[in-house]
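Step one of this worksheet: look at the structure below.
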Amino acid sequence: MLDAHELIAEVTATYDGERKDVDISFKHIYQQSVRIAESVSTTPEMPRVTGRQQHRSNPSSFSVEDYFKKTVAIPLLDHIITSMKDRFSAAAIVASSLLGVIPSVCCSREVNMERAIEKYKDDLPSPELTSTELRRWKARYSEMPVELWLSTPAAAIKDCDSDLYPNVRVLLQIAC
């Protein structure tokens with residue numbers, strides 16, 4: 001899941017870049033579309049421009065390419081970017097970073113927990129000690145064989161001593 005959020009961030013950044021350079025990127029796409037249209041004996045055409053339009057987009061365009069860029073490409077890119085940001089919000093990324101407390105995750109990869117700790121600091125018994133606790137928690141499992149690493153928050157809660165790891169326990173409870 002953590003990998004998925006990283007990939008989503010990359011894809012969103014790619015679409016943001018496409019949107020910023022829409023003039024350059026759309027020119028290439030449009031040229032390909034024209035070649036495909038020519039292969040089936042069709043030419044791209046722009047609807048006639050009227051003074052007053054109610055049922056479709058009616059931007060002032062001087063060329064067919066400009067028309068399709070303004071009515072298709074830009075709105076599509078804006079829609080994709082907005083949908084990606086709405087569906088995969090920063091809050092969801094912070095929440096999924098809580099999976100970094102699970103031993104099978106924290107021992108196999110680096111997970112940045114700072115934003116999660118900051119978000120849930122009011123729920124933690126002693127937030128200033130959380131990073132130290134997480135290092136001790138990771139060290140505890142790093143010494144064990146991989147087969148014994150717990151892979152769910154529920155299993156990790158059962159194994160988490162609340163006197164030794166009070167903040168880790170709370171983070172695991174939130175992750176559930």
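Here the side chains of Y67 and P44 are not in contact, with every heavy-atom distance at 4.5 Å or above. By the 4.5 Å heavy-atom criterion applied to side chains, L150 and Y141 are counted as neighbours. Counting only heavy atoms from C-beta outward, the side chains of V64 and V34 never approach each other to under 4.5 Å. A 4.5 Å side-chain heavy-atom check between I102 and T152 finds every atom pair outside the cut-off. Residues P125 and V170 have side chains in contact (heavy-atom distance under 4.5 Å, counting atoms from C-beta outward). At a threshold of 4.5 Å between non-hydrogen side-chain atoms, the residues P103 and W137 count as touching.
Here CD1 of I29 is found 13.5 Å from CZ of F68. Values are rounded to the nearest 0.5 Å. One distance of note links OH of Y15 with OG1 of T82; it measures 13.0 Å at 0.5 Å rounding. Between the OG atom of S162 and the CG atom of L172 there is a distance of 12.0 Å, given to the nearest 0.5 Å. Distance check, rounded to the nearest 0.5 Å: CZ of R35 to OG of S33 gives 9.0 Å. To the nearest 0.5 Å, atoms CD1 (I174) and CZ (R169) are separated by 12.5 Å. Rounding to the nearest 0.5 Å places CG of N167 at 4.0 Å from CD of E133.
Side chain to side chain, N112 and S97 fail the donor-acceptor criterion of an N or O pair below 3.5 Å.
In terms of heavy-atom proximity, R136 sits nearest to L164 at NH2-O, 2.7 Å. Closest of all the heavy-atom pairs between K69 and P75 is O-CD, 4.2 Å. When all heavy atoms of P153 and C176 are compared, the pair lying nearest together is CB-SG, 3.5 Å. Taking every heavy atom of both residues into account, L98 and A175 meet most closely at CB-CB, 3.9 Å. Looking at every heavy atom in both residues, E65 comes nearest to F26 through O-CE2, 3.3 Å.
Side-chain atoms of S39 come within 3.5 Å of backbone atoms of I36 as a donor-acceptor pair (strictly under, hydrogens ignored).
More than 12 heavy-atom neighbours from other residues, nucleotides or ligands sit within 6.0 angstrom of CD on Q31. Atom NZ of K138 sits in a crowded spot, with more than 12 heavy atoms from other residues, nucleotides or ligands closer than 6.0 Å. The environment of CD in E128 is crowded: more than 12 heavy-atom neighbours from other residues, nucleotides or ligands sit within 6.0 Å.
Exactly one of S131, P127, S126 qualifies for a side-chain contact (heavy atoms from CB on, under 4.5 Å) with L129. That residue is S126.
With respect to E118 and K121, a salt bridge is recorded, a charged nitrogen being found less than 4.0 Å from a carboxylate O. At a threshold of 4.0 Å, the pair D16-R19 does not count as salt-bridged, since none of the basic side-chain nitrogens sits closer than that to a carboxylate oxygen. Looking at D161 and R140, no side-chain N of the basic residue comes within less than 4.0 Å of a carboxylate O on the acidic one, giving no salt bridge.
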